[in-house]
Amino acid sequence: MLEKNNPRLINAWASFDWSNSVYNLIVTTAIFPIYYLSTTEEAFGGEMVKFFGVHIKNSVLFSYAISFSFLVIVFLSPILSGIADYSGLKKRFMQFFTYLGSLSCIGLYFFTGENIEYGIACSVLASIGYAGSLVFYNGFLPEVASNDSMDKVSAKGFAMGYTGSIILLILNLLLYQKYALFGFENGSSATRFGFILVGIWWMGFAQISFYYLKDRATGKPFTSDIISHGTKELKKVFMVVRNKKVMKRFLTAFFLFSMGVQTVMLLAPLFADKEIGMGADEMIYIVLILQILAIGGAYFFAWLSNLKGNGFAISCTLIIWIIICLSGYFMKDKITFYSLAAFLGFVMGGIQSISRSTYSKLIPTETIDTASYFSFYDITEKFAIVIGSLTYGFIDQVTGSMRYSMVFMSVFFIGGFIVLQLANLKKNLI
């Protein structure tokens with residue numbers, strides 16, 4: 001059994017954020033979307049591409065690919081998390097998805113634009129690996145931190161993730177801008193090498209967490225009906241969630257605002273490229289701003305949560321998110337985008353950190369089925385991403401402008417804000 005609030009163990013747990021956040025915040029946000037758009041437009045002579053014989057706009061295809069990857073996790077993680085709790089082997093599953101994601105990320109090196117099916121396949125598998133590993137990583141939070149320290153520990157994880165991403169992002173920026181100095185022919189080849197660096201960083205630093213985090217093996221054998229055992233574990237958790245009004249309302253609110261949060265974060269680079277005209281190096285500067293301010297946001301909202309309650313802290317972030325989405329429609333110049341990105345980074349760190357710790361506090365303290373409980377959390381988030389990114393892509397396809405997609409995201413934040421007030425988190429959390 002893991003010792004709660006052990007500083008060394010908490011650092012080891014948080015180091016997993018350090019290892020995998022480089023994928024989410026460098027490849028997904030800063031590098032790959034811009035590289036994908038430029039290479040596919042060059043290969044196909046415009047924004048319309050041919051994917052398995054179907055002609056589709058490249059930005060819409062990217063939105064749909066993200067939706068598909070998270071849809072896979074929606075169906076897969078409930079079964080796997082149930083099996084993990086039944087067998088007590090959360091770390092094993094965490095390792096599997098980490099290696100799947102990091103190797104797929106390295107595989108992006110061979111994507112050059114014309115082989116678009118290969119590039120989308122690697123990006124989907126990398127996304128599945130990233131999202132899948134988080135199910136089990138988050139499940140360890142109640143095992144390494146006590147109820148009164150979860151906000152701070154959760155914030156520490158996100159802060160370490162953002163810090164690690166800043167370091168590797170600066171290196172990628174140097175590679176891109178000074179490619180000749182490092183022996184590359186052009187910026188494109190340097191960018192592709194950046195995918196390898198991210199994969200190695202992800203896989204390598206994850207070993208720290210794998211060394212210190214321990215499975216609590218139940219000794220139950222792996223049999224042919226192990227999937228049914230996983231389903232049973234999930235059903236047990238579902239019955240608890242259904243009868244816990246506060247948890248149910250929080251998950252509903254989380255579902256609504258996650259449709260906005262995750263979609264805006266994932267597709268902001270496409271917006272910056274298409275609507276504002278920002279280049280790859282400028283997007284890297286934007287992400288640097290996001291990362292630095294996200295660290296402050298994670299700790300600030302953890303402090304605010306401790307002062308005024310989790311519900312108040314999350315509500316404050318949602319109000320800012322609503323303003324960001326509505327402002328997105330009117331953005332015309334790069335200076336305005338930089339300013340809005342600063343606010344986005346601040347609330348991005350806050351809402352992710354506090355949402356995770358809030359849910360951890362709602363899990364019954366006596367349970368050992370933490371992976372199954374966090375499966376509900378992750379299913380809610382991933383299904384929200386599926387709907388959010390599909391909505392974003394559909395509106396882009398119908399209207400021809402991402403500005404309308406950005407405005408529509410505010411609807412999700414408003415809905416989440418309203419439901420969150422009904423959960424009355426301040427009264428029900430310690």
Donor-acceptor check, side chain of [X] to backbone of [Y], threshold 3.5 angstrom: yes or no?
X	Y	result
Ser410	Cys325	no
Lys156	Ile10	no
Ser209	Phe16	yes
Ser360	Arg356	yes
Lys91	Phe210	yes
Ser258	Phe255	no
Tyr118	Gly107	yes
Ser154	Ser353	yes
Asn138	Leu134	yes
Arg192	Tyr109	yes

| said: The criterion is side chain to side chain contact (heavy atoms under 4.5 Å, CB included); which residues satisfy it with Ser38, sequence neighbours excluded? | reply: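 None.
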For this output row, return yes or no: ring centroids of [X] and [Y] closer than 6.0 angstrom.
X	Y	answer
Phe205	Trp201	yes
Phe254	Phe257	yes
Phe136	Phe93	yes

| query | Would you call Lys90 and Met94 a side-chain contact if the rule is heavy atoms closer than 4.5 Å? | reply |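 Side-chain contact under 4.5 Å: no.
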| pair Tyr137-Asp17: side-chain heavy atoms closer than 4.5 Å |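 A side-chain contact under 4.5 Å exists here.
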| request: Flag yes if more than 12 heavy atoms outside Lys152 fall under 6.0 Å of its NZ atom; otherwise flag no. | output: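 Counting other residues, nucleotides and ligands, NZ of Lys152 stays at 12 neighbours or fewer.
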| Result of checking Tyr36, Phe111, Tyr35 against Phe195 for ring pair (Phe, Tyr, Trp, His ring centres under 6.0 Å) |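 Checked Tyr36, Phe111, Tyr35 against Phe195; only one passes ring pair (Phe, Tyr, Trp, His ring centres under 6.0 Å): Tyr35.
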| request: Please name all residues satisfying salt bridge (Lys or Arg N to Asp or Glu O under 4.0 Å) with Glu47, sequence neighbours left out, ordered by chain then number. | output: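 For Glu47, the residues satisfying salt bridge (Lys or Arg N to Asp or Glu O under 4.0 Å) (neighbours in sequence not counted) are Lys274.
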Side-chain donor-acceptor distances from residues 119-132 under 3.5 Å, at least two apart:
from, atom 1, to, atom 2, distance (Å)
Ser123, OG, Gly119, O, 3.3
Ser123, OG, Ile120, O, 2.8
Ser127, OG, Ser69, OG, 3.0
Tyr130, OH, Asn24, ND2, 3.2

| field | For the student: nearest non-hydrogen atoms of Tyr211 and Lys214, plus distance | value |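 The pair with the smallest heavy-atom distance is O-NZ, 3.0 Å.
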| said: Show, in sequence, the C-alpha distance, side-chain angles and deciding distance for Trp321 and Phe417, and conclude whether the ring-ring contact (aromatic ring centres under 6.0 Å, His included) test is met. | reply: CA-CA 10 Å; Trp321 274 105; Phe417 179 85; over 10 Å; no
